[in-house]
Amino acid sequence: NAGVTQTPKFRVLKTGQSMTLLCAQDMNHEYMYWYRQDPGMGLRLIHYSVGEGTTAKGEVPDGYNVSRLKKQNFLLGLESAAPSQTSVYFCASSTRRLADSYNEQFFGPGTRLTVL
Amino acid sequence: KQEVTQIPAALSVPEGENLVLNCSFTDSAIYNLQWFRQDPGKGLTSLLLIQSSQREQTSGRLNASLDKSSGRSTLYIAASQPGDSATYLCAVVHMDSSYKLIFGSGTRLLVRP
């Protein structure tokens with residue numbers, strides 16, 4: 001049981017390049033999330049999914065796209081990377097809505113992305 | 001708009017000391033509050049989750065309290081150890097957005113041997 005895994009761990013891009021970050025979970029969770037964490041700030045929600053085939057925008061969705069074709073995978077895409085997207089990206093998953101009783105979020109180890 | 005604040009941003013204490021980390025939020029309409037630990041270069045690990053109807057939760061040397069009416073939560077760490085050194089984040093689930101956590105910026109804790 002690996003929990004939540006993220007690929008790759010590190011990546012350096014040039015401005016304008018594209019890439020996809022992969023998140024996988026083996027806990028059969030319905031909900032999955034992508035966050036970014038910038039220095040001195042907490043995590044901010046980019047996009048989330050409430051089940052296979054669904055996606056929705058979070059707080060800071062601009063410049064990112066997501067897909068949830070399989071329940072266990074949640075992909076985050078950058079079509080044309082910008083220096084402002086330099087950040088650490090975290091994926092998370094949960095069984096149900098966060099508002100439900102005793103429902104925790106489980107996080108992956110993060111992907112450190114630098115855009116030059 | 002719900003905002004979560006953690007003060008201080010950094011804290012350094014000698015080993016063995018009991019300590020309190022603070023978290024405040026601007027809107028008391030929350031479902032729950034969660035404390036996380038983040039080690040350098042790692043993801044977040046959930047420590048304690050307090051439902052809005054609860055006052056506190058305990059796990060080992062950790063005790064988290066919640067005072068929803070005043071918009072405050074504290075994380076108490078007893079008999080601190082160097083292994084407790086990490087960044088501690090609190091986050092709330094606000095009632096107008098049950099799908100997301102709203103995070104504070106964290107308190108970076110250093111426990112000196």
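Below, chains carry the letters A, B, ... as their sequence lines are ordered, and counting in each starts from 1.
Under the 4.5 Å side-chain heavy-atom criterion for ILVMFWY residues, a single connected hydrophobic cluster contains both B:L75 and B:L109. In terms of hydrophobic clustering, with Ile, Leu, Val, Met, Phe, Trp and Tyr side chains grouped at heavy-atom distances under 4.5 Å, B:L48 and B:L101 are assigned to different clusters. In the hydrophobic clustering of this structure, A:V88 groups with A:L45; members are Ile, Leu, Val, Met, Phe, Trp, Tyr whose side-chain heavy atoms approach within less than 4.5 Å, directly or through other members.
Only the side chain of A:Y35 comes within contact range of chain B, with heavy atoms under 4.5 Å apart.
To the nearest 0.5 Å, atoms NZ (B:K100) and OH (A:Y48) are separated by 9.0 Å. Between the CG atom in A:L43 and the CG atom in B:L89 there is a gap of 7.0 Å [rounded to 0.5 Å].
For the set B:I30, B:L44, B:T45, the entry with the most heavy-atom pairs within less than 4.5 Å of chain A is B:L44.
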request  = For B:Q38 and A:Q37, run side chain to side chain donor-acceptor pair (under 3.5 Å): C-alpha distance rounded to whole Å, both residues' side-chain angles, the deciding distance at 0.1 Å, then the answer.
outcome  = CA-CA 12 Å; B:Q38 184 176 26; A:Q37 185 178 33; 3.0 Å; yes

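The number of heavy-atom neighbours closer than 6.0 Å to CZ of A:R112, taken from other residues, nucleotides and ligands shown, is 12 or below. Around atom CZ of B:R112, more than 12 heavy atoms belonging to other residues, nucleotides or ligands sit under 6.0 Å away.
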